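Just so you know, these numbers come straight off a predicted model, no measurement behind them.
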Amino acid sequence: MSTLPPGVRLAPPRPRSPELCPVAVKFRSAEKPVRHGSGPASRALRAAGFDRAAAWLSPADRRVLWLYLLTRISLWITAHGARWLFPRGSDVREAGPVLAPFQQWDANHYLHIARDGYFPADTGPWTDSWDNREAFFPGFPMLLRAVHLIVPSWTAAGLLISLVAGAVAVLALSRIARAYVPEDTDGHRTVLFFLLSPCAVFLAVGYTEALFLAFALPAWLAAQRHRWALACTLTALATTVRVSGLFLTAAIAVLFVLSVRTRRDRRGVAWLALPALPPLAYSWYLHAHTGDWMAWKHAQERGWYREFHTPWEAWSNTWNAAFDGVHTTGYAAMFQAELVAMVVGLALVALLARHRRWPEAVYVALSLWALGTSYWYVSIPRATLLWWPLWMGLAAVSLRRPWFRTAYLCVAVPVSALVALAFLTGRWAG
């Protein structure tokens, strides 16, 4: 028995809580097994984890994501209906596979690159019936191959990439819009115009637009905040996806020049060279296999008539293809859309220059120059998805003139539905 110092008393023993008592736990376990992960504590932990994961999303962000999800659902419904109501052939008795409507056109090129590489079995531009796949930059196919390790279906893997990338893109777009259009307090209207634009279907399929914007828009957001290292790193990732990343680099360079005030500000200039590295590496890779440093450009010329022509020649050739009755109605309609998109792009550049938005004007102008100096116009309507100043400008007009929102939706929604059906049924571009 221990001896205590004088004046020191032992505290009375505290009753032990049944929750902490090993004996009580033992008897409780004997009476009823405990299911791990199913108790209130586990549910609370899961809820806390979810809250932490979503903490960086503001209420405005969540509203934008909800709008994004709703438009994805509408496109999936359209795809499901398309394979039943618009099959290829009048005597079809069964609808095609669920994901078949999404695996069309360029999506097949990305699949072939991801699955087989650029030059499978020593084939290349020197072989007959070559598909000119080196025209497509490697960023999307590389990511598609990585995701396919987890998702067995190539088509589903491409859709998953676009789904996640599109969510990132609309969040960045809404945050940029809040700075450009203060009246659009949560960027909701800008995102609405963007997601219901005529070529919005290409954001939801296995194409590069969503992935490019997932890098480009956060890059522009970082550049606005003068975070040049982050902006140029994200732009470098964008250049692995599309050559349009170089146009974004030029815009960021203009913004950098306009932002420089002191010698300390000039320290970020070295980062502007970073986005050029992925295209240089890709050109080096193609040269090693073909002996041609510009193999990707020459592949575009062979496959899509993108050899250089003056802007007025390109306009004339596209006009003739649209209205001279030489092509089928499907192709003629696509060429008419190309002309409309070119006019919209030129008007956008003029407005940006008028308001002295020089970086954005440079970005859109370079895009128009690249697309408007081919034999004829190709893919300009799809390129409008990459012109984020367009959607913010339309939102700003609709806030000043309320009737414009209704007019835009009445025109854009049916056109968007028609383009989606044309793509999902394999009738895009004729």
Side-chain angles (χ1 to χ4, degrees), residues 105-114 116-120 122-142 202 207-209 211-212 215-216 235-251 253 272-315 317-318 321 338 341-342 345 362-387 429:
W105 306 100
D106 289 357
N108 289 315
H109 286 289
Y110 297 123
L111 186 155
H112 296 155
I113 296 168
D116 307 321
Y118 277 99
F119 305 103
D122 296 326
T123 58
W126 53 87
T127 59
D128 295 334
S129 302
W130 179 241
D131 59 4
N132 301 302
R133 63 182 63 185
E134 67 272 26
F136 300 92
F137 275 42
F140 188 91
M142 290 174 63
F202 293 101
Y207 271 52
T208 58
E209 278 77 7
L211 184 60
F212 175 82
F215 294 133
T235 303
L237 293 173
T239 57
T240 68
V241 180
R242 295 176 66 100
V243 72
S244 306
L246 296 178
F247 310 151
L248 178 62
T249 305
L272 297 176
L274 182 62
L277 296 182
L280 288 175
Y282 183 50
S283 295
W284 175 84
Y285 167 80
L286 293 179
H287 178 266
H289 287 79
T290 66
D292 182 3
W293 286 102
M294 295 297 291
W296 63 270
K297 179 66 170 63
H298 297 150
Q300 291 186 355
E301 294 174 356
R302 291 191 305 268
W304 293 269
Y305 302 99
R306 284 185 169 168
E307 65 273 7
F308 178 79
H309 285 74
T310 61
W312 46 92
E313 287 178 323
W315 175 274
N317 293 335
T318 308
E338 299 283 349
M342 173 58 75
V362 166
Y363 172 73
V364 179
L366 288 175
S367 176
L368 287 175
W369 178 262
L371 296 169
T373 53
S374 302
Y375 176 78
W376 50 31
Y377 300 157
V378 179
S379 300
I380 300 180
R382 279 173 50 199
T384 61
L385 293 170
L386 312 182
W387 302 343

Between Y207 and Y110, how do the two ring planes meet: parallel, tilted or perpendicular, split at 30° and 60°?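 Aromatic pair Y207/Y110 classed perpendicular.
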For [Y], is there any backbone N or O sitting under 3.5 Å from a side-chain donor or acceptor partner on [X]?
| X | Y | answer |
| --- | --- | --- |
| R133 | G117 | yes |
| Y282 | E134 | yes |
| H109 | W105 | no |
| R382 | E209 | no |

To the nearest 0.5 Å, tell me how far [X] [atom1] sits from [Y] [atom2].
| X | Y | atom1 | atom2 | value |
| --- | --- | --- | --- | --- |
| L274 | T249 | CG | OG1 | 9.0 Å |
| F202 | S379 | CZ | OG | 8.0 Å |
| F119 | Y285 | CZ | OH | 5.5 Å |
| W293 | W284 | CH2 | CH2 | 8.5 Å |
| T239 | L246 | OG1 | CG | 6.0 Å |
| L248 | F212 | CG | CZ | 5.5 Å |

Could you tell me whether F136 and W304 have their ring centroids closer than 6.0 angstrom?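 Yes, close enough.
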Heavy-atom pair of closest approach, residues F247 and A370: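 Answer, listing the atom of F247 first, then A370: CZ-CB, 3.6 Å.
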Taking all atoms of both residues into account, what is the closest heavy-atom pair of Y377 and P311, and its distance?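 That would be OH-O, 4.0 Å.
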Do H309 and N317 have a side chain donor and acceptor closer than 3.5 Å?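 No, N317 and H309 have no side-chain donor paired with an acceptor closer than 3.5 Å.
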Does some side-chain heavy atom of Y305 sit less than 4.5 Å from a side-chain heavy atom of S374?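 Side-chain contact under 4.5 Å: no.
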Could you check whether any side-chain heavy atom of P120 comes within less than 4.5 Å of a side-chain heavy atom of T123, counting everything from C-beta outward?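 Side-chain contact under 4.5 Å: yes.
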Do you know which of I113, T240, T208 makes side chain to side chain contact (heavy atoms under 4.5 Å, CB included) with F140?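 Considering I113, T240, T208, a side chain to side chain contact (heavy atoms under 4.5 Å, CB included) with F140 is found only for T208.
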